[in-house]
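Just below is one structure, and these are the notes that go with it.
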Amino acid sequence: MAAPLELSCWGGGWGLPSVHSESLVVMAYAKFSGAPLKVSVVDNTWRGSRGDVPILTTEDNIVSQPAKILNFLRKQKYNADYELSAKQGADTLAYIALLEEKLLPAVLHTFWVESDNYFTVTKPWFASRIPFPLSLILPGRMSKGALNRIILTRGEPPLYHLREVEAQIYRDAKECLNLLSNRLGTSQFFFGDSPSTLDAYVFGFLAPLYKVRFPKVQLQEHLKQLSNLCRFCDDILNSYFRLSVGGISPAGQEMVDANLQKLTQLVNKESNLIEKMDDNLRQSPQLPPRKLPTLKLTPAEEESNSLQRLSP
Amino acid sequence: MCNLPIKVVCRANAEYMSPSGKVPFIHVGNQVVSELGPIVQFVKAKGHSLSDGLDEVQKAEMKAYMELVNNMLLTAELYLQWCDEATVGEITHARYGSPYPWPLNHILAYQKQWEVKRKMKAIGWGNKTLDQVLEDVDQCCQALSQRLGTQPYFFNKQPTELDALVFGHLYTILTTQLTNDELSEKVKNYSNLLAFCRRIEQHYFEDRGKGSSSIRSS
């Protein structure tokens with residue numbers, strides 16, 4: 001339990017700790033179960049692998065794929081499902097299957113296959129985090145993998161044309177979002193008051209769809225209409241990921257706060273000094289009040305006026 | 001389960017007759033509808049539905065469980081049939097190619113195997129070993145068993161599409177002879193699932209079997 005657990009995953013943006021669904025699922029689960037994960041973000045140096053991200057590395061194990069990573073964490077006693085009943089555990093499996101079958105193809109399509117989105121948002125983002133010359137190859141390969149997956153699992157006849165497949169998968173995804181919204185209702189998490197595996201999966205799939213700014217946004221629009229799902233994502237982001245939004249580590253954030261405080265104090269001191277100096281100048285005998293004949297006010301009121309002008 | 005009169009026919013070119021290339025399909029008047037999802041919708045449009053009594057949350061659960069069954073059991077069955085070398089060699093090739101003359105039986109069987117393997121790779125099952133697949137099946141059966149509990153059907157008293165789907169898969173797994181019986185052993189571990197299958201078989205198939213000729217004439 002004290003072994004350092006290192007997770008390497010894709011980095012964040014648009015207010016999310018990670019833009020990649022599977023990485024986000026693992027991060028969310030780790031936060032929910034209290035697992036001490038050291039997150040190392042894939043960047044454009046040659047360090048680390050980026051094939052099967054997310055990858056969990058411990059002293060003697062390397063675990064890839066979210067399902068296996070979550071199993072591994074559970075075995076290490078970091079279990080977010082401790083309070084679930086057997087039926088709720090079964091429901092979790094069923095809903096995860098629903099997400100993977102109905103929602104994932106559309107999410108993959110929005111990110112990787114839809115040409116506007118892919119060329120303006122996804123490809124530049126990922127290419128900037130992969131070292132040259134892999135950055136020319138890897139995003140293309142990921143895109144082809146996504147397209148393959150969609151075609152092979154959904155593109156069976158009579159849906160011969162990609163357009164019809166697209167229409168079908170978006171219909172399925174919207175239905176899935178509606179079902180999730182119905183199931184969540186007004187509660188804070190899917191099973192009671194504490195988050196579980198299902199919450200991690202739903203968050204991982206929905207949050208990128210919700211936050212990343214795309215040119216072609218039909219699924220995003222639909223999601224935004226389901227206010228309880230949006231609230232769910234925002235809640236989790238605020239409660240569990242507030243300190244590491246934008247990729248700044250908690251230590252960095254505190255330093256920024258401290259700097260801000262010091263700056264504010266300095267400014268305050270400066271303004272106090274300026275006030276005092278001005279007071280002294282006003283009260284010094286070198287400035288005879290009679291030199292300003294236009295002022296009809298009495299000297300007492302003059303003083304109060306000048307003080308008022310100085311105060312912020 | 002809907003009390004609809006049907007006649008079951010086995011044809012070798014069933015996959016080609018079907019509009020989507022998949023069996024089963026139903027032929028009603030001059031309409032042909034294939035696959036469980038569309039058939040259910042077609043039957044619903046004609047006024048018969050098993051899931052009308054469910055509320056929204058239950059319908060969501062039912063859809064989720066159906067996806068679980070499709071995701072895990074169906075893929076595991078495909079894996080076992082086409083990616084496990086022992087089963088492929090002894091049973092699947094022979095069975096799949098049996099209606100066709102040589103060399104067509106070999107060619108079609110290999111083509112289908114290549115297609116299935118491609119699909120497995122695309123969804124990430126390409127690198128799974130048989131043990132991992134069996135573990136997944138076990139998890140799925142455990143989930144189904146926990147959901148069923150001691151009730152007669154998944155949503156209490158009335159059978160729904162989920163019951164039909166689960167019955168179809170489990171019955172096939174339990175009754176098909178394969179080179180290794182581990183898959184059916186996994187299912188047999190869960191006694192309430194076994195009882196469920198037997199109950200449906202007795203209630204809907206054996207009773208009907210006695211009166212099938214009378215149903216056809218109606």
Side-chain angles (χ1 to χ4, degrees), chain A residues 22 51-52 64-68 71 84-105 108 144-160 164 168 171-172 175-187 190 198 201-202, chain B residues 15-16 18-22 25 32-35 37-38 54-75 78 115-128 132 135-136 138-149 151 154 162 166:
Chain A
E22 297 183 342
D52 269 340
S64 63
Q65 287 188 1
K68 290 190 196 153
N71 267 343
L84 294 186
S85 69
K87 181 177 169 309
Q88 287 173 328
D91 282 349
T92 304
L93 268 185
Y95 277 103
I96 292 176
L98 184 71
L99 282 176
E100 287 187 353
E101 281 285 315
K102 299 272 183 187
L103 190 58
L104 183 60
L108 282 179
K144 227 175 243 147
L147 182 62
N148 239 356
R149 182 173 176 149
I150 295 175
I151 298 266
L152 284 177
T153 52
R154 290 316 188 133
E156 286 136 1
L159 303 170
Y160 282 108
E164 295 169 9
Q168 178 66 30
R171 259 204 298 273
D172 284 340
E175 195 193 316
C176 178
L177 288 175
N178 290 342
L179 289 176
L180 284 175
S181 180
N182 281 339
R183 176 65 181 81
L184 182 61
T186 49
S187 28
F190 276 94
L198 182 58
Y201 267 91
V202 173
Chain B
E15 273 190 350
Y16 297 105
S18 151
S20 75
K22 290 211 158 157
F25 65 91
V32 184
V33 186
S34 67
E35 287 189 70
L54 300 180
D55 64 24
E56 288 301 324
V57 173
Q58 286 178 317
K59 276 195 186 143
E61 263 188 49
M62 185 179 86
K63 290 228 164 82
Y65 275 96
M66 283 173 80
E67 287 308 326
L68 178 68
V69 169
N70 273 335
N71 207 350
M72 291 270 181
L73 285 185
L74 183 61
T75 323
L78 274 180
E115 265 177 38
V116 171
K117 277 198 172 151
R118 231 179 86 188
K119 184 169 165 176
M120 292 290 149
K121 214 167 128 186
I123 58 175
W125 280 53
N127 294 330
K128 285 204 179 179
Q132 284 170 334
E135 225 181 271
D136 284 339
D138 195 41
Q139 257 190 0
C140 177
C141 289
Q142 194 182 31
L144 288 173
S145 174
Q146 280 165 351
R147 180 67 182 82
L148 184 62
Q151 300 168 327
F154 276 97
L162 178 61
V166 172

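The sequence lines fix the lettering, A, B, ..., with proteins before strands; numbering per chain opens at 1.
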Here the gap from A:K102 atom NZ to B:K63 atom NZ, rounded to the nearest 0.5 Å, amounts to 7.5 Å
Could you pull out the closest heavy-atom pair between B:Q146 and A:A90, with the gap in Å? OE1-CB, 4.0 Å
Considering only heavy atoms, which portion of A:Q88 lies under 4.5 Å from any heavy atom of chain B: side chain, backbone, both, or neither? neither
Rounded to the nearest 0.5 Å, what's the gap from OH on A:Y95 to CD on B:E61? Could you check? 5.0 Å
Can you say whether B:Q139 sits under 4.5 Å from chain A via the side chain, the backbone, both, or neither, judging by heavy atoms? both
How about B:K117: does its NZ atom have over 12 heavy atoms from other parts shown lying under 6.0 Å from it? yes
Heavy-atom count check: over 12 atoms from other residues, nucleotides or ligands less than 6.0 Å from A:K87 NZ? yes
Quick check for you: among A:L179, A:L99, A:N148, which has the greatest number of heavy-atom pairs under 4.5 Å with chain B? A:L179
In this structure, CZ of A:R183 is separated from CD of B:Q58 (nearest 0.5 Å) by 11.5 Å
Option that, when pairs with chain A are counted at under 4.5 Å, heavy atom only, ranks first among B:G149, B:A64, B:A60: B:A64
Compare every heavy atom of B:L68 with every heavy atom of A:L93, then report the nearest pair and how far apart it is. O-CD1, 3.6 Å
Pick from B:N71, B:V69, B:L144 with the largest number of heavy-atom pairs that fall under 4.5 Å of chain A: B:N71
Return yes when atom CD of B:E135 has more than 12 non-hydrogen atoms of other residues, nucleotides or ligands closer than 6.0 Å, and no otherwise. no
Using modelled atom types only, decide if a donor and an acceptor are shared between the side chain of B:Y65 and the backbone of A:D91 within a distance under 3.5 Å. yes
